[in-house]
Colleague: 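Got a structure for you, written out below as structure tokens; questions coming shortly.
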Amino acid sequence: MDTALGIVFLALRYGAEAAGLFVLVQVLRGLWWLFHLLLIAPPFDPLRHLPGPDASRLSNHFSEVMDPARTPSVHEEWVKQFGKTFRYHGFGAHDYRLMSFDLRAISHVLTSPTFEKPWQTRRLLSRVLGQGVFAMEGEAHRIQRRIMAPAFTTQALKNLTPIMLLKAEELRDKWLSMITDGMSDEWEHTISFPTASEIVQENRDAEKNIQEDAVADVLRWISRATLDVIGLAGFDYPFESLKTETEDVYLAYRNIFDSMDTFGGFKRIAELFFPIIEKIFPDAGIRRVNASLKTIRRRGEEIVRSKKQAIMAEITTSKDIWDKDILSLLKKLSFLIWEINTQGKFISTFLFAGSDTTAVALAWALHYLSLNLDAQSRLRVELATSQANLVVGTDYIDALDNLPYLDAVVRETLRFAPPVHGTIRVAVKDDVIPLSEPILLRSNKVVTGVHIRKGSFVHVPIEGMNYIKDVWGDDALSFKPERWLSPPPTALQYPGLANVMSFTFGPHACIGWRFALLEMKVFLATLIPQLEFTPAAEIGKYNTIVTRPFVKGKLEHGPALPLRMSKFTL
């Protein structure tokens, strides 16, 4: 029973004295919890013995750990000073948290059932994404992954490729029309851009024909395109957001993720620990999220009913239904049951995993290609010489996979700008985390394992792992697709899907990683041959659920990545 409801119940049934006693007990429990947290527990925390940065009693290291503008230099400094495994402070000097760049330690944390996503993280994710695979642990998580797995097989991806190509071509044609019509996004009227000729003068070959150009917020446009893809691929539902941004589910979807981006402040943190605050004191943001969730769930229920009718019609009317293999039928029925039971609430998870993260990765790819015209030109040449093989059909995916520089650009983008900056795990029981390199404790004792107690947090620095110079070389902090054409042996031994930590690995690894790689390749292979991208503004990063771009000096306008586009002709 919630505390507030308990007070009301006691006051009505037993009077004010009982309610007052109940409040007193709750206050005393809270004070004891705080006293134990701040004074009793810290001296017995084994992480206190680890090296690491110190903070004052009420200070923290969240900015150093989570701000992508600071983390590369901070991580490098901490590793030099404390080694690959150390502790830092969370909500105060009492809150010891573990961070490690030791591959063995990270592998253990991400694969052991001893470590789970904290309940605070799961509550936040389930609040906006529903009870989907991101918010689940244990058997519920395994069941959902097992049901979803058939959707990401090689054959399933081949069947979805035409949808990806259709939307990639639609996006390309939209941008070409903007150039022809001289129409730019609103950013051009609020930011002073260099002209195309100023940028091209130093970087383009004299043989290229420079035509009209336009400025587009590529993040917004790609988000619309990838949403259309997942709508058709995941639900057979046409969002048509490339045609209009006023479709109700698209607007609801954007409202939810905008609220995720602005999550923060004491009130939002307090709501995680005490959800009743949202019900008693809902602010404009909460009301907007609630309305958006209702819209998405209502549409989800419509989609579920439609799919149910279609499947049941096939089962009851198809003459050869019993000639089909039993496995296919069971898969279809199990998916149907799962959809009905979740009542469409899983849709936000699919939208986030299937469109939002991939859109961010694609936008970063175009951004870094705009800053590296040599890489952009090399990719364009590879695509041009392979154009005859890039025809939709059974061999289309193979043709894409046979383009080494395209693969290098995609992998380097995911390494250099992973959509998720970091993740966190909590120990559900006491454990010893093995290390590949020993560390020196503050007591001058050398150990090869870190003792961690139940309830302690472990921060997994995804971006930081992708920047380790011992793995990637001294130029790890540079965008360099060429590294993937002849990767160092250390990179090939690197844990993680596609040899990058961006999809993590273990039981909670991204189940749709092949889908994301394919979608990025399809879009780049469609856009780059006919469009050239150059910078239009200085871009920064900020970190929320995902690492988003913004125009420096314009953070209040939210995520954006404007680029100048021009038609490319030989």
Side-chain angles (χ1 to χ4, degrees), residues 68-69 72 171-172 174-176 178-179 182-206 208-223 225 359-381 383 405-406 408-410 412-419 475 477-482 520 523-524 526-543 547-569:
L171 176 62
R172 178 200 62 200
K174 287 279 187 182
W175 284 351
L176 289 172
M178 288 176 63
I179 296 171
M183 299 291 293
S184 288
D185 283 345
E186 60 188 30
W187 284 104
E188 187 160 30
H189 304 294
T190 58
I191 299 172
S192 177
F193 295 122
T195 65
S197 58
E198 290 173 336
I199 297 171
V200 170
Q201 187 68 33
E202 297 180 359
N203 298 294
R204 270 190 170 176
D205 296 331
K208 296 177 183 176
N209 177 25
I210 305 172
Q211 300 185 15
E212 305 95 336
D213 57 25
V215 172
D217 179 1
V218 298
L219 176 62
R220 193 180 87 216
W221 281 99
I222 294 174
S223 295
V360 168
L362 267 169
W364 283 123
L366 293 180
H367 170 66
Y368 288 115
L369 288 172
S370 77
L371 296 175
N372 190 334
L373 292 184
D374 288 339
Q376 189 178 155
S377 177
R378 182 170 180 175
L379 176 58
R380 188 175 292 110
V381 169
L383 292 169
Y405 201 70
L406 174 62
V409 168
V410 169
E412 182 67 354
T413 299
L414 291 169
R415 182 197 72 85
F416 193 63
D475 58 356
L477 295 181
S478 299
F479 178 80
K480 185 180 176 182
E482 289 75 18
M520 290 182 70
F523 271 78
L524 289 174
T526 304
L527 298 172
I528 294 299
Q530 296 188 43
L531 291 161
E532 187 168 52
F533 299 90
T534 50
E538 189 175 1
I539 301 299
K541 291 181 179 180
Y542 73 98
N543 180 41
T547 303
R548 299 192 185 278
F550 72 97
V551 175
K552 287 190 175 180
K554 299 286 183 178
L555 181 58
E556 67 275 11
H557 292 294
L561 207 166
L563 290 179
R564 188 172 295 278
M565 309 177 301
S566 57
K567 293 181 182 180
F568 182 87
T569 56

Colleague: What is the minimum heavy-atom distance between I539 and A560, and which atoms define it?
Modeller: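 So the two residues come closest at CD1-O, 4.4 Å.
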Colleague: Is it the case that the side chain of S223 and the backbone of L219 share a donor-acceptor pair, with hydrogens and angles ignored and the cut-off at 3.5 Å?
Modeller: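 At least one qualifying donor-acceptor pair exists.
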Colleague: Can you tell if the side chain of L176 reaches within under 4.5 Å of the side chain of Q530, non-hydrogen atoms only?
Modeller: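 Yes - at least one pair of side-chain heavy atoms lies under 4.5 Å apart.
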Colleague: Tell me if a side-chain donor or acceptor on R564 pairs with a main-chain N or O of T534 at a distance below 3.5 Å.
Modeller: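 Not at all, since once roles are kept as given, no pair shorter than 3.5 Å links the two residues.
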Colleague: Honestly, is K541 close enough over Y368, meaning NZ or CZ under 6.0 Å from the six-membered ring centre and within 45° of the axis?
Modeller: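 No - K541 does not lie over the ring of Y368 by the 6.0 Å and 45° rule.
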Colleague: How about Q376 and L379: do any of their side-chain heavy atoms sit closer than 4.5 Å?
Modeller: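 Not in contact.
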Colleague: According to the interplanar angle, ranging from 0 to 90°, do the rings of W364 and H367 count as parallel (below 30°), tilted (30 to 60°) or perpendicular (above 60°)?
Modeller: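 Taking H367 first and then W364, their aromatic rings stand perpendicular (interplane angle over 60°).
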Colleague: With rounding to the nearest 0.5 angstrom, report the CZ to CG distance, R380 to L527.
Modeller: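 Rounded to the nearest 0.5 Å, the CZ-CG separation comes to 10.5 Å.
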Colleague: Are the side chain of T413 and the backbone N or O of V409 linked by a donor-acceptor pair below 3.5 Å?
Modeller: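 Answer holds: yes.
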Colleague: Would you find a donor on one side and an acceptor on the other, under 3.5 Å apart, between the side chain of E412 and the backbone of K480?
Modeller: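 Here the side-chain-to-backbone pair exists.
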Colleague: In sequence, state the C-alpha distance, the side-chain angles, and the governing distance for R415 and F479, and then conclude on side-chain contact (heavy atoms from CB on, under 4.5 Å).
Modeller: CA-CA 9 Å; R415 182 197 72 85; F479 178 80; over 6 Å; no
Colleague: Write down the atom of P562, the atom of A537, and the distance for their closest heavy-atom approach.
Modeller: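 So the minimum-distance heavy-atom pair works out to CG-CB, 4.2 Å.
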Colleague: If you measure from CG on D185 to CE on M565, what distance do you get to the nearest 0.5 Å?
Modeller: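 If I round to the nearest 0.5 Å, the distance is 7.5 Å.
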Colleague: Check step by step if side-chain contact (heavy atoms from CB on, under 4.5 Å) holds for L563 and V215.
Modeller: CA-CA 6 Å; L563 290 179; V215 172; over 6 Å; no
Colleague: Just to verify, what does F523 make a ring pair (Phe, Tyr, Trp, His ring centres under 6.0 Å) with, not counting sequence neighbours?
Modeller: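 Expected list: none.
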Colleague: Rounded to the nearest 0.5 Å, what separates atom CG in D213 from atom NZ in K567?
Modeller: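 Interatomic distance, D213 CG to K567 NZ, rounded to 0.5 Å: 11.5 Å.
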Colleague: G558 and Y542: which non-hydrogen atoms are nearest, and at how many Å?
Modeller: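 So the minimum-distance heavy-atom pair works out to C-OH, 4.3 Å.
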Colleague: Apply the test side-chain contact (heavy atoms from CB on, under 4.5 Å) to residues F533 and L369: give CA-CA distance (whole Å), side-chain angles for both, the deciding distance (0.1 Å), then the verdict.
Modeller: CA-CA 7 Å; F533 299 90; L369 288 172; over 6 Å; no
Colleague: Under 3.5 Å, is there a donor-acceptor pair between the side chain of D475 and the main chain of S478?
Modeller: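 Not a single qualifying donor-acceptor pair exists.
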Colleague: What closest approach, in Å, do S184 and A214 show between heavy atoms, and which atom pair accounts for it?
Modeller: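 Minimum heavy-atom contact is OG-CA, 3.4 Å.
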Colleague: Determine whether W221 and M178 make a side-chain contact, defined as any pair of heavy atoms from C-beta on separated by less than 4.5 Å.
Modeller: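 SC-SC contact between W221 and M178 confirmed.
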Colleague: Between L531 and W175, what is the shortest heavy-atom contact and its length?
Modeller: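 Looking at all heavy atoms of both residues, the closest pair is CD1-CE3, 3.8 Å.
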Colleague: Between P419 and L414, is there a side-chain heavy-atom distance shorter than 4.5 Å?
Modeller: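 With C-beta onward as the side chain, the pair touches.
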Colleague: Using every non-hydrogen atom in the two residues, find where P535 and L371 come nearest and quote the distance to one decimal.
Modeller: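 Where P535 meets L371 most closely, the heavy atoms are CG-CD2, 3.6 Å.
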Colleague: I would like to know whether L561 and I222 meet side-chain contact (heavy atoms from CB on, under 4.5 Å); could you show each step before the answer?
Modeller: CA-CA 10 Å; L561 207 166; I222 294 174; over 6 Å; no
